[in-house]
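First the proteins, then the strands, lettered A, B, ... as listed; each starts at 1. Everything numeric in this text was worked out from a predicted model, so none of it was measured.
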Number of protein chains: 2
Amino acid sequence: MKSITIKDVAQRAGVSPSTVSRVISKDARISENTKKKVLEIMDELNYYPNSIARRLANKKTDTIGVVMPYGTEDVLMNPFFQESLRGISIVSSDKCYDILISTSHKNEDEIDVLRCLIKGNRVDGLILTRSNENDEAIKYLRDNKFPFVLIGSCLEYDDITSVDNDNEKASYELTSFLIEKGRKKIAFIGGELHSVVIKNRFEGYKKALKDNNIEFKNEYLIFDKFLEESGYNLTDKLLNLDDIPDAIIVADDLMSLGAMKKIKEKNYKVPEDIMLASFNNSILAKYSNPSITSIDINSTELGKRACEKLFSILEGNESELKKEIISHKIIERDSTKSI
Amino acid sequence: MKSITIKDVAQRAGVSPSTVSRVISKDARISENTKKKVLEIMDELNYYPNSIARRLANKKTDTIGVVMPYGTEDVLMNPFFQESLRGISIVSSDKCYDILISTSHKNEDEIDVLRCLIKGNRVDGLILTRSNENDEAIKYLRDNKFPFVLIGSCLEYDDITSVDNDNEKASYELTSFLIEKGRKKIAFIGGELHSVVIKNRFEGYKKALKDNNIEFKNEYLIFDKFLEESGYNLTDKLLNLDDIPDAIIVADDLMSLGAMKKIKEKNYKVPEDIMLASFNNSILAKYSNPSITSIDINSTELGKRACEKLFSILEGNESELKKEIISHKIIERDSTKSI
DNA sequence: CTGTTAGCGCATTCAT
DNA sequence: ATGAATGCGCTAACAG
């Protein structure tokens, strides 16, 4: 499939390649006549500029990369990532930018993936959809001064552009909410242990307990991946304790479905025996049975704003504030209804 | 950020650029010595080949494009597309290929988007996640002999490589299933009117009615987009009929959630008053209240196989069969439980 | 306003 | 086994 080049168009139109190039890039200083002529030929020949060649010449890819935590495969099951991806997609689509999903290869070093993306000139900028403590990826991107935006927060540096919720506050509110409902044995099921989101949510939980003079019990605290299966398995541990909790806060909706399943299997009732409250307010929480109280963190908005901030950086308008906080809200549902 | 080129490495290693290039592309005929030396320098300089330049020289992008129906934004809300995307991601990640999500710009002609993708040399191949009757996109790709695989079926040509379920059969089974449960007033809520999936599912439904001597009623048949909202609105119409249905088949889980919501609002009971059965068996169907009987179509597998077939084409092994059928299975849940 | 020239970084003949 | 030269298709600096 031999493709038509700018040369073909130029020849056919009786002008030079650069003139055609100028028409393509809408250069002002070009006569209406030749412009019209060139456009005609382009249409006639069904010509379309080769984006690769263009990128090489421009040193610009018109592509933004999205980096997910651990295996994209697992992550794409989680509504939070799906929704933030959607937000990113909406904004980038508007700017006619492509999205490159970093399909991080399982056992590969993540830094390698980033290096490949950056040094390989595959993307103009990146959006990281997660952050860990001492995140090597963040350090790498920062060291290399590569444009990126974080969905989440960075603890180590304060010059990282990021979009996040106030997860500590949200978690504090959610915990207090359960305490007001009369629950005192509140367990916390986290996601990835070293992720900052989880850390924040855990802090809020702990603080709320403390402010209400409730003893924090280590066995009520467990972590694993953001998967339904993890929620299921972790809850099993909780329900095998001598003193089982009367409420569980789960750091993610998908996990809370797993938790719910296990609770039912063990013949406990939600909310009577155990109240369940969760984060992210995905569609899953809404339609689960019973429906699950969840913190709406505006996942799509997180993605949108992250992408908008990335474009600001790419366009050189880095005037905006570095750290942006997206609002959250408790959406109360049946899983925490007092009877 | 000036990047290191193959030249820099060559100079530092005291060899010519072409030698370095050969090392990179693992050319056999190169001495172990120089090879080792070059690799060392590459590591030392933290060199990484520029993928853009590489692509231009190779005329190959190592990227596959995924085309969604109408606005990517809406579609990314639907679990079916999320899951098939996940399948695609799993396979392409394995091959170290990038995935480009065609962020189809709302009002733009879809063919324009494709042309931009193809003539612009942005992707090596495409996966279409939907098919319509007289699908212009399919025609365009076929006419241009561009490598692509369809998730779905094409009615007009039989030389299109595709992966699909036997949707007519699945729908026939599902409808028969409801009839066996004693329901006779079965409505059908479709998705996009002109999509082949919906057409097939509708055919199966109609056939089952006929084989069971049940009259097909036109007012029991309605269509709209694959969105929760659509399911909600369409169900409203059904429930405003003089003779409301006692069962509804919905062509998609997300839509069925909307349907469920409306049914509840109108104070009907599922399954007692109205049975609900759906397609795609996403996590939503499983956790909905009541849980929804749904046809498991193996969405992730559809994506995986589509991607594998695309790679076969790209690698020139087009030996496989053109049309592949993925199995399906009715997953029975509470929404159709006889009392 | 337009043409000429020289890259962008890599791969690939064709020599040696 | 390696180097030199040329081209992938487009852009941009410099002329005119």
Original post:
In terms of the nearest nucleotide of DNA chain C, which residue is placed more toward the 5' end: B:Pro17 or B:Ala53?
Top reply: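 Nearer the 5' end of the strand: B:Ala53.
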Subject >> B:Ile138 side, atom CD1; B:Leu126 side, atom CG - distance, nearest 0.5 Å >> reply: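 So the CD1 of B:Ile138 and the CG of B:Leu126 are separated by 12.0 Å.
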Using a cut-off of 4.0 Å on non-hydrogen atoms, how would the nucleic acid contact of [X] be classed: base, sugar-phosphate, or nothing?
X	answer
B:Ser25	nothing
B:Pro49	sugar-phosphate
B:Val15	sugar-phosphate
A:Leu56	base
B:Ser21	base
A:Arg55	nothing

Original post:
Is it true that the side chains of A:Arg115 and A:Asn144 contain a donor and an acceptor less than 3.5 Å apart?
Top reply: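 No.
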[X] vs [N]: side-chain N/O to OP1/OP2 distance below 4.0 Å:
X	N	value
B:Lys59	D:dG9	yes
B:Ser31	D:dT2	yes
A:Ser16	C:dG3	yes
B:Tyr47	C:dC10	yes
A:Arg54	D:dT11	yes
B:Asn58	C:dT12	yes
A:Ser18	C:dT5	no

**OP:** With DNA chain D as reference, determine whether B:Ala57 or B:Arg22 sits nearer its 5' end, using the nearest nucleotide of each.
**Re:**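 Residue closer to the 5' terminus by nearest nucleotide: B:Arg22.
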Subject >> Shortest side-chain distance from B:Asn50, nucleotide among C:dG3, D:dG9, C:dG9 >> reply: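 So the nucleotide nearest the side chain must be C:dG9.
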Subject >> Among C:dC10, C:dT2, D:dT2, the nucleotide that comes nearest once only the side chain of B:Ile6 is considered >> reply: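 My answer, after comparing the listed nucleotides, is C:dC10.
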Value in whole Å for how far the [atom2] atom of [N] lies from [atom1] of [X]:
X	N	atom1	atom2	result
B:Ile4	C:dC10	CD1	P	10 Å
A:Lys7	C:dG3	NZ	P	15 Å
B:Ile52	D:dT11	CD1	P	14 Å
A:Asp27	D:dA13	CG	C1'	13 Å
B:Asn121	D:dC10	CG	C1'	12 Å

Original post:
Between B:Phe80 and B:Phe226, is a ring-ring contact (aromatic ring centres under 6.0 Å, His included) present by the stated rule, with each step listed?
Top reply: CA-CA 10 Å; B:Phe80 164 70; B:Phe226 290 111; 7.9 Å; no
Subject >> A:Asp124 vs A:Lys95, salt bridge (Lys or Arg N to Asp or Glu O under 4.0 Å): CA-CA, chis, key distance, verdict >> reply: CA-CA 13 Å; A:Asp124 291 342; A:Lys95 291 269 188 181; over 6 Å; no
Subject >> Step-by-step salt bridge (Lys or Arg N to Asp or Glu O under 4.0 Å) determination, A:Asp143 to A:Lys139 >> reply: CA-CA 6 Å; A:Asp143 286 351; A:Lys139 184 173 181 334; 2.9 Å; yes
